[in-house]
Amino acid sequence: MKLPRSVESAEVGGQVVLVRSDLNVPLEDGRVADDTRIRASLPTIRLLLERGAREVRVCSHLGRPKTEEDRAKYSMDPVRAAVADAVGDERVRVLENTRFNAGETKNDPGFAAELAAGCDLYVNDAFGSAHRAHSSTVGVAELLPAYAGLLLLDELRNLGRLLGDVEEPFVIVSGGAKVEDKIAVLENLGGRADAVLIGGKMAEDVRSDNPFSFHAVLPTDVVAASAFEADAETKVTPFDALPEGWLGLDVGPRTRADFARRIVGARTVFWNGPMGVFEWPAFAEGTFAVAHALADCDGFTVVGGGDSVRAVHEAGVAERISWISTGGGASLELLEGRELPGVAAIPAAVGVS
Ligand code: 3PG
Ligand code: MG
C-alpha cells in the first residue's frame, strides 16, 4: 500500500498546525464515556508540541448533529476538557464540532477555507473519518500542505497488512447484524482466507441466502431463546433445528470450541462483529470465547468495528490483540479495497511503498 507522507517529515517548528483527529467518542451524561479515540490521538498532538509547533488547532466532528438542540448535546466541551487534562499545554486548542457548520459534510470549500484560515499546515490523523469526503478531511488538504498523523499511518500499516501477503492460516471471524455492510469486505478478503467463521445474526442470513463465492463456516449449534429478552428461557439446539418461534442469540458450546481452535491455530486473524447479543450475559459466551481465542493466538490479530472492539475491552484482553482499529466504517472500506478520500487527499510519501 502506498502510504501518505508522515507528519514526521513536516517542518512544524513555529507553525500553526491544523490537526483533524477523530474525537467522535461516546458520551454519557455530558461526559466522555470511552476515551479510546482521544488517547489514540495524543501521540500526534504531542509530537507537534515537542517539535515546537506554535499552535496545535485540533478539530473533529462529534455525533451527527442535525437540529439546533443538538448543539448542546454534541458540544466539544467534554472532549476539550479531556484533551486539556491529557496534554496540559496552552498551545493546544480544540475547535467546536465541525458538523455544527452545515458545509462540513458537503465538503464545502467555504468551510474548508474557514478551517484553514491562519494555519500553515494540515495534519489528518482521523482514520475513523477517512472514508468521509468532508471539509475537515478533504477540503482543507487542498488548501494547506497536508500530512498524515501517526495514528492514521499506524491504522493503514496494520490494516494494510491484511490486504497483502498474510501469514497462513488466515482466519476471518464475522458476525453482528449489519450483513449488507460486511458482504463486500468478506468478498474481498474471504477468498484469500483459510476459513471464514460466521456467527451472530449474520449466520442465519447466510444460511438462508448465501451471498458468498467462498466457503463460509457456519455454527453447528446455537443458544436458542424463547424471546428477544435478556432473561428469556434458553436452550442449546443444533443450528439448523431451531424450534419454531425461538431465536438463536449466541453460538453454542460446540461452535465456540470449534471457532476457538481455528482462531488459536491461525497466524493471521481479522474479527469484525459479535457472535450474539453479548450485551446480555446469557448470550455473551460466544463473543467472549472469540475474544479470548484472539488473545491466545500468537499470530497477527486485528479487531475492527465498534461492537467487537467493545467486546475485547469487556473481556479484558485488549492488551493481547495485535491491532484494535479506531475505525468502524473506515476499516471496512479500507479492507474492501477502496481508496479512502481522507487518505487520497494527502500527498504520498516519497520513496516509501
Ligand atoms: C465513526 O464513529 O465511525 C466515525 O467517527 C465516523 O462517524 P460518522 O459515521 O458519523 O461519519
Ligand atoms: Mg495475541
Side-chain angles (χ1 to χ4, degrees), residues 18-28 31-42 44-45 58-67 70-71 73-76 78-80 82-83 94-108 111-112 115 123-141 148-152 154-156 158-159 176-178 180-182 184-185 270-274 302-313 323-336 338-345:
L18 177 69
V19 179
R20 176 43 158 114
S21 300
D22 189 331
L23 305 178
N24 181 29
V25 292
L27 299 173
E28 252 167 46
R31 286 161 169 265
V32 174
D34 179 273
D35 68 350
T36 306
R37 280 179 164 174
I38 296 177
R39 283 185 287 112
S41 303
L42 296 177
T44 292
I45 296 171
V58 184
C59 67
S60 175
H61 75 287
L62 180 60
R64 295 178 176 177
K66 296 198 173 65
T67 62
D70 284 347
R71 284 184 169 253
K73 195 166 150 206
Y74 293 116
S75 136
M76 290 298 276
V79 173
R80 186 177 293 119
V83 172
V94 178
L95 304 185
E96 195 40 275
N97 191 342
T98 51
R99 287 190 187 167
F100 284 179
N101 188 304
E104 161 74 335
T105 55
K106 303 185 186 99
N107 191 13
D108 169 51
F111 183 49
L115 286 169
V123 175
N124 188 355
D125 203 25
F127 175 72
S129 309
H131 58 318
R132 307 289 182 215
H134 294 173
S135 299
S136 69
T137 58
V138 170
V140 281
L150 303 173
L151 172 64
L152 178 66
D154 268 350
E155 291 272 13
L156 295 176
N158 280 289
L159 291 165
K178 294 185 189 159
E180 325 75 61
D181 294 4
K182 291 166 193 164
V185 188
F270 172 62
W271 178 29
N272 178 295
V302 179
V303 180
D307 287 329
S308 354
V309 170
R310 217 182 95 199
V312 298
H313 285 287
W323 186 252
I324 299 177
S325 180
T326 54
S331 67
L332 290 179
E333 289 200 20
L334 182 74
L335 294 175
E336 270 171 45
R338 298 193 1 206
E339 187 179 64
L340 303 177
V343 175

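All values below were derived from every heavy atom in this structure, side-chain atoms included, with hydrogens, water molecules and symmetry-related copies excluded. Since this is a predicted model, take the numbers as computed values, not measurements. For the single chain, residues carry numbers from 1 onward in sequence order. Indexing begins at 1, ligand by ligand and atom by atom, following the structure's order.
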Which ligand 1 atoms does Asn24 reach within 4.0 Å, using its non-hydrogen atoms?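 In order of number, 1 (C), 2 (O), 4 (C), 5 (O), 7 (O).
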Looking at Arg64, Arg37, Arg99, which one forms a side-chain contact (heavy atoms from CB on, under 4.5 Å) with Asn24?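 Output: one option passes, namely Arg37.
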Does Gly128 have a non-hydrogen atom less than 4.0 Å from ligand 1?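 It does; at least one heavy atom falls under 4.0 Å.
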Ligand 1 contact by Arg99, heavy-atom criterion under 4.0 angstrom: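 It does, in that a heavy atom of Arg99 comes within the 4.0 Å cut-off of ligand 1.
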Starting from [atom], find the nearest protein heavy-atom neighbour and note its residue, name and distance.
| atom | value |
| --- | --- |
| atom 11 (O) of ligand 1 | Arg132 NE, 2.6 Å |
| atom 5 (O) of ligand 1 | Asp22 OD2, 2.8 Å |
| atom 7 (O) of ligand 1 | His61 NE2, 3.1 Å |

[X] side-chain N/O to [Y] backbone N/O, donor-acceptor pair under 3.5 Å:
| X | Y | answer |
| --- | --- | --- |
| Asp34 | Pro26 | no |
| Glu155 | Thr326 | yes |
| Asn107 | Gly139 | yes |

Regarding Glu104 and Arg20, does a basic nitrogen lie under 4.0 Å from an acidic carboxylate oxygen?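 Yes.
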Examine Arg64 against ligand 1 and note whether any of their N/O atoms are separated by less than 3.5 Å.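 Yes.
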Check Arg37 against ligand 1 and report side chain, backbone, both or neither, counting heavy atoms closer than 4.0 Å.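 Side chain only.
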Distance only, no hydrogens: is a donor on one side chain within 3.5 Å (strictly under) of an acceptor on the other, for Asp125 and Ser41?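 No, no side-chain donor-acceptor contact under 3.5 Å.
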